[in-house]
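Read the structure below first, then the notes.
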Amino acid sequence: MTTVAVKPATMAQALTRAMRDAMAADPTVHVMGEDVGTLGGVFRVTDGLAKEFGEDRCTDTPLAEAGILGTAVGMAMYGLRPVVEMQFDAFAYPAFEQLISHVSRMRNRTRGRMPLPITVRVPYGGGIGGVEHHSDSSEAYYMATPGLHVVTPATVADAYGLLRQAIASDDPVVFLEPKRLYWSKDSWNPDHPTDVEPIGRAVVRRPGRSATLITYGPSLPVCLEAAEAAQAEGWDLEVIDLRSLVPFDDETVCAAVRRTGRAVVVHESTGFGGPGGEIAARITERCFHHLEAPVLRVAGFDIPYPPPMLERHHLPGVDRILDAVARLQWEAEG
Amino acid sequence: MTTVAVKPATMAQALTRAMRDAMAADPTVHVMGEDVGTLGGVFRVTDGLAKEFGEDRCTDTPLAEAGILGTAVGMAMYGLRPVVEMQFDAFAYPAFEQLISHVSRMRNRTRGRMPLPITVRVPYGGGIGGVEHHSDSSEAYYMATPGLHVVTPATVADAYGLLRQAIASDDPVVFLEPKRLYWSKDSWNPDHPTDVEPIGRAVVRRPGRSATLITYGPSLPVCLEAAEAAQAEGWDLEVIDLRSLVPFDDETVCAAVRRTGRAVVVHESTGFGGPGGEIAARITERCFHHLEAPVLRVAGFDIPYPPPMLERHHLPGVDRILDAVARLQWEAEG
Amino acid sequence: MTVMEQRGAYRPSPPPAWQPRMDPAPLLPDAEPYRVLGTEATAKADPDLLRRLYAQLVRGRRYNTQATALTKQGRLAVYPSSTGQEACEVAAALALEERDWLFPSYRDTLAVVARGVDPVEALTLLRGDWHSGYDPHAHRVAPLSTPLATQLPHAVGLAHAARLKGDDVVALALVGDGGTSEGDFHEALNFAAVWQAPVVFLVQNNGFAISVPLAKQTAAPSLAHKAVGYGMPGRLVDGNDAVAVHEVLSDAVRHARAGGGPTLVEAVTYRIDAHTNADDATRYRGDAEVEAWRAHDPIQLLEHELTERGLLDEAGIEAARKDAEAMAASLRERMNRDPELDPMALFDHVYAETTAQLREQRALLQAELEAEQERHGEQEGGAR
Amino acid sequence: MTVMEQRGAYRPSPPPAWQPRMDPAPLLPDAEPYRVLGTEATAKADPDLLRRLYAQLVRGRRYNTQATALTKQGRLAVYPSSTGQEACEVAAALALEERDWLFPSYRDTLAVVARGVDPVEALTLLRGDWHSGYDPHAHRVAPLSTPLATQLPHAVGLAHAARLKGDDVVALALVGDGGTSEGDFHEALNFAAVWQAPVVFLVQNNGFAISVPLAKQTAAPSLAHKAVGYGMPGRLVDGNDAVAVHEVLSDAVRHARAGGGPTLVEAVTYRIDAHTNADDATRYRGDAEVEAWRAHDPIQLLEHELTERGLLDEAGIEAARKDAEAMAASLRERMNRDPELDPMALFDHVYAETTAQLREQRALLQAELEAEQERHGEQEGGAR
Ligand SMILES: Cc1ncc(C[n+]2csc(CCOP(=O)(O)OP(=O)(O)O)c2C)c(N)n1
Ligand SMILES: Cc1ncc(C[n+]2csc(CCOP(=O)(O)OP(=O)(O)O)c2C)c(N)n1
Ligand SMILES: [Mg+2]
Ligand SMILES: [Mg+2]
């Protein structure tokens with residue numbers, strides 16, 4: 001997939017455009033959530049939608065997340081495609097029961113007769129100086145819930161393309177938006193905006209031969225930076241952007257790891273019980289004899305997300321990634 | 001720790017006795033939940049407590065799990081030690097926000113000034129012929145939440161001992177009770193009932209030299225059975241009962257794996273994003289050069305828990321475990 | 001700018017935003033549950049409707065006893081009986097038009113059946129061969145909801161969606177007295193009122209949530225009094241008076257269909273049986289209470305009325321009974337056949353398109369089953 | 001047994017369980033918010049209390065403007081101002097005895113400060129050096145609760161626990177109009193009423209939940225009308241009338257302390273500032289509305305009253321102003337110092353006893369920080 005870079009936009013703008021285009025193309029697409037209408041969302045990601053499509057298509061709901069997701073379930077039962085915004089990661093927790101007990105299971109429960117094409121947009125992760133409850137990385141909860149797709153863009157083009165795909169999907173998608181990339185700018189091609197790999201495919205963002213960094217969402221830019229810095233140490237690092245945690249692209253990931261023989265999984269979420277465990281375990285199961293070193297993980301510490309003034313110590317940064325790369329038993333090679 | 005086996009009891013009885021003894025020893029211990037009072041709980045685990053200690057100490061609450069856990073938080077703030085019963089695994093989901101945003105974080109939030117010594121008892125897992133929402137294995141959600149202890153007994157003695165420890169702990173403990181072991185009987189010593197290893201320690205339930213099965217809760221008896229059956233195939237399997245998923249006993253687990261060089265993690269919870277990923281990843285990180293084969297996982301499929309008539313296909317059984325053991329690359333040895 | 005610099009006009013009047021709002025009086029329920037049977041209002045009731053209700057009640061009771069019997073025969077994993085609550089179950093189904101939607105809770109298989117769903121399909125969840133047995137779209141009945149009150153926001157969303165589409169569809173959602181304590185109850189009613197969604201909430205207050213009596217569930221004057229807090233009318237009805245329940249629900253459905261918004265109906269009734277066959281109700285309630293309620297049996301109330309008014313004679317009673325027996329016999333017979341089970345179906349509906357992971361796992365199970373069959377074959381072969 | 005075999009007594013009376021229950025009338029709020037200032041009731045108010053309230057309101061407003069200024073100077077990460085709502089914030093703090101507990105929501109730092117917590121500690125969360133800055137037990141103030149309405153069940157549990165212990169402690173919990181839509185609001189009020197817990201709920205209805213106006217939040221006649229649905233009294237009060245709020249809250253606290261159970265109070269007020277400094281309120285509301293409310297300013301209302309009654313003169317006003325300025329100056333000065341940060345503290349309070357895993361991670365961070373310092377040292381050394 002080649003994208004002719006023509007027009008710089010922020011990730012937030014690409015997301016807005018994705019919803020706008022989806023709403024224009026399909027009258028069953030409805031956006032709903034707290035402050036998504038008149039205000040355009042606290043991150044302005046739904047800006048303009050209520051104006052263009054009316055308040056019935058982009059609705060300010062009462063302040064109750066279970067109610068938002070629960071009514072979205074009913075709307076989907078009647079043939080609509082709700083796109084639900086949870087205002088922040090931690091404020092999706094009240095909707096957990098609806099998500100786990102209904103959204104993820106309704107298709108299976110009814111033997112396919114009642115699919116729920118709901119997109120749950122969750123701004124997630126830290127690095128924005130947010131106070132408590134505004135910086136959680138909750139992807140482990142969603143990954144452990146069969147029946148959900150869990151998708152997260154790291155580039156502007158993917159923000160558009162993956163959100164369009166998520167809204168078009170007949171399955172429920174938890175769409176995790178890395179808050180700190182909302183204002184990241186990139187060039188993309190608005191004429192081929194959906195010209196990205198499908199949900200379920202990982203993408204090699206930087207080819208390399210020494211070792212593979214496997215990451216997603218907010219940590220992709222950090223990994224790319226680390227890969228640049230690693231050159232000075234003589235390491236040519238490959239960087240994979242998973243894009244979709246569920247379904248998981250074993251093929252792309254394992255092909256890369258088999259090539260390099262070494263891998264580090266990088267994410268912001270806490271390490272223990274976080275996504276990295278699953279990823280490292282499945283790589284090891286599949287590529288054991290290609291591994292020169294154990295798959296290592298660089299993750300947030302196993303602590304509640306820190307207050308803003310301390311968050312930099314928690315977030316995986318370039319140095320921590322390079323330290324992990326250094327521990328990939330290079331001496332064994334010689 | 002040696003336990004003189006003297007008196008057979010069911011796990012349910014041991015749990016009841018643990019609460020009874022804790023309530024007798026400490027007037028701040030309060031039991032609360034749906035139907036825990038007059039009825040004694042739908043599994044009769046709180047049987048007799050309301051009668052002995054009064055309804056103020058063992059309280060039938062209104063039917064609202066967030067309310068139950070949320071009021072327990074307030075009670076703990078005032079110095080009580082609430083023991084909360086969630087009626088079934090899936091009915092703990094409405095309490096998720098309280099658990100994640102408050103129970104797990106209050107101590108850290110207040111720099112240790114406001115600990116919450118709450119025990120959340122959750123009957124979990126399948127194998128009891130339960131209809132939808134009555135057989136979930138939700139431990140992955142709890143493991144991924146820093147600030148919680150996650151404990152699960154697999155023996156009658158541990159049911160008593162670990163629950164006493166959980167109630168006495170100054171930290172919140174999610175105490176997962178394997179439903180299908182409620183009626184399992186075992187001999188234990190009521191005179192030394194707390195004579196078990198502390199929370200945080202894993203225990204070798206069966207020593208062995210060929211490979212290590214790592215498991216917990218409902219899958220322990222299955223693993224022990226598999227280990228017996230494996231003898232016929234010439235495998236001498238070690239079986240480790242984790243007992244506590246958080247904190248995790250790396251020491252015991254890694255010592256075992258280093259000895260045997262091969263390991264299989266067994267649990268009922270879905271595999272993808274489940275506890276096994278974390279466990280396999282951390283073993284690999286720590287014992288890579290001792291491993292003759294990748295750490296394999298035998299888990300529930302990545303599907304919503306099946307209806308009762310199909311659950312046996314989902315649950316890890318002896319054959320599936322032995323098939324995994326067979327895949328531990330034995331040929332590599334020769 | 002500090003306060004001091006802001007001096008000026010000052011208005012010791014009511015706060016500016018305050019306009020006299022909706023008068024709460026019409027939203028409050030009557031002091032006593034509304035009844036028709038045994039009152040003057042009974043004369044106005046349509047004889048045809050009364051007879052239809054009667055026939056359905058008799059069928060409903062028989063359905064309950066038959067399903068309970070099936071648990072004893074191991075044909076159902078569990079059955080939460082609605083014996084004593086048939087008036088609510090049946091009236092709920094009959095108050096709806098074909099295009100409307102019903103949102104049952106786990107106890108409401110009878111309402112589902114009364115709406116036209118095949119009883120065997122309605123019982124799939126409780127038999128345990130799959131989660132939901134019927135096609136929700138075929139009769140516009142949502143799957144039975146086990147997590148309490150979670151179905152209420154679904155009903156609101158569906159009703160709202162229908163209204164947005166311009167369809168005059170109403171959703172009727174059922175919940176128990178215990179379920180009203182859940183946050184989802186609150187959120188659903190609030191959304192419904194704010195959106196003026198065409199939805200009717202029927203609380204079957206049967207006195208208990210498993211073992212917990214109403215007094216431990218709420219301190220409210222009645223559950224119907226919750227309605228005013230959402231800005232919708234609350235109605236209180238004798239839940240054993242099928243005619244009254246039918247009338248109150250029909251009014252609420254009409255009101256909703258006409259754009260009048262949601263209504264909360266509390267039907268005061270009683271759970272005659274234990275919570276489920278697995279429950280022992282003697283642990284938490286006495287016989288006297290149950291007996292008092294048996295004397296207020298929904299079927300007998302209606303039967304008495306019909307007989308008094310000459311609308312029902314012994315032959316009519318016998319006909320209803322026969323019809324019910326035929327239904328029960330067919331149900332029994334069909335439930336005694338083992339359901340067809342396909343373990344592979346476990347993987348078929350998790351996603352619209354299966355994943356590589358599930359394909360792997362499917363293959364694993366397939367291989368296991370084949371090995372199992374081989375072993376069986378060998379054993380049988382060996383035994384011969 | 002089928003129905004037919006159960007014939008016998010039949011009772012076309014109200015359902016057996018039905019006893020006339022609590023009369024709802026006393027639970028319903030007045031049609032208009034209760035006011036004292038500008039009415040006859042004002043004569044009865046204690047002059048000392050009025051002066052105390054006044055001084056606190058002036059301080060409170062100054063606190064709000066100072067904290068807002070600190071956001072502009074980068075000294076606070078964010079500040080949700082309670083400008084316009086000072087009467088509620090101050091009255092909430094003053095209505096409590098020392099042994100009582102306050103459960104604030106994220107907007108209520110002013111109430112926390114008015115209760116006696118050091119303003120710098122009250123602002124810790126919003127400065128961002130830690131989550132909660134004060135010792136909750138020192139002043140019996142729970143940590144500021146960001147997840148809306150989640151603090152309400154905490155207040156109920158604490159009040160219930162105190163009552164079980166025999167302490168006559170009351171909990172006062174604050175929540176916004178938006179927060180009333182959350183399930184936790186419902187569950188908390190229900191538990192409180194069922195347990196007759198000594199807790200008072202104060203809803204500050206300031207017209208908005210960020211951008212969402214009350215009309216999109218609820219269709220109820222008033223938020224106070226929700227009380228009857230739980231079986232507790234609902235009270236409606238002019239939230240800008242500090243004397244009225246103080247009186248209503250004090251009554252409710254007294255009632256709770258005496259064993260009378262919980263009360264829901266709705267104070268009608270207005271959020272004069274944007275949601276937080278990061279919000280742009282012009283996107284969703286007009287100036288006229290804000291101006292109307294400015295003319296109903298809580299400080300001016302009280303100041304007018306006090307001046308009229310000869311309880312306050314220019315010197316008194318000046319004294320209050322000076323006191324407020326001193327508080328602001330001290331706050332400014334102390335907030336301009338960088339807080340002490342200890343990255344290692346991230347690991348210290350996750351558990352009572354740290355885990356092996358956290359020890360490992362602590363060591364990792366320690367090593368990183370040492371390496372960082374070394375690099376810094378080298379750079380500085382090199383530069384010299
Ligand atoms: C969220 C949730 N919590 C707990 C349960 C377990 N449970 C099943 S039925 C029941 C009692 C329900 O009482 P009520 O709402 O009055 O309905 P009824 O059984 O009387 O029909 C409980 C607690 C559940 N199904 N869902
Ligand atoms: C559970 C939850 N959902 C969403 C939010 C995000 N949020 C913060 S403040 C706010 C509006 C609150 O409105 P209201 O309750 O009226 O209080 P006010 O801000 O007016 O004081 C929202 C939606 C949150 N903090 N918690
Ligand atoms: Mg009930
Ligand atoms: Mg507000």
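Proteins come first, then strands; the chains are lettered A, B, ... in the order of their sequence lines, and each starts at number 1.
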| message | In this structure, is the centre-to-centre distance between the rings of A:H149 and C:Y351 below 6.0 Å? | response |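 Yes: the rings meet the under 6.0 Å criterion.
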Toward chain A, the part of [X] with a non-hydrogen atom under 4.5 Å:
X: C:T355; answer: side chain
X: C:A188; answer: neither
X: C:A162; answer: both

Heavy atoms only, distances under 4.5 angstrom: which of [options] has the most pairs with chain C? Name it, please.
options: A:L80, A:D171, A:V246; result: A:D171
options: A:T28, A:L63, A:I68, A:D249; result: A:I68
options: A:P94, A:P247, A:A64, A:G74; result: A:G74
options: A:R57, A:M114, A:M77, A:H102; result: A:H102
options: A:E251, A:R105, A:E65, A:R282; result: A:R282

| task | Could you tell me whether the side chain of A:T110 reaches within less than 4.5 Å of the side chain of C:Y134, counting heavy atoms only? | result |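 No - every pair of side-chain heavy atoms lies 4.5 Å or more apart.
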| Heavy atoms, side chains only, cut-off 4.5 Å: are A:N108 and C:W130 in contact? |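 Contact flag for A:N108/C:W130 side chains = yes.
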| After noting the C-alpha distance and the side-chain angles of A:R111 and C:D135, does the key distance pass the side-chain contact (heavy atoms from CB on, under 4.5 Å) rule? | CA-CA 9 Å; A:R111 288 198 175 98; C:D135 179 351; over 6 Å; no
| Is the backbone N or O of C:T150 less than 3.5 Å from a side-chain atom of A:Q98, with the two atoms forming a donor-acceptor pair by type? |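 It does hold such a pair.
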| query | Taking C:Q357 for the side chain and A:F248 for the main chain, is one N or O donor matched with an acceptor at less than 3.5 Å? | reply |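 Yes; judged by distance alone, with no hydrogens or angles, the pair exists.
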Indicate the atoms forming the closest heavy-atom contact of [X] with [Y], along with that distance.
X: C:A352; Y: A:D170; value: CB-CB, 4.2 Å
X: A:Y78; Y: C:V169; value: OH-CG2, 3.6 Å
X: C:P143; Y: A:R109; value: CB-CD, 3.8 Å

| message | I need the residue from C:H186, C:E353, C:R140, C:H131 with the largest number of non-hydrogen atom pairs under 4.5 Å to chain A. | response |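 Maximum pair count with chain A is reached by C:H131.
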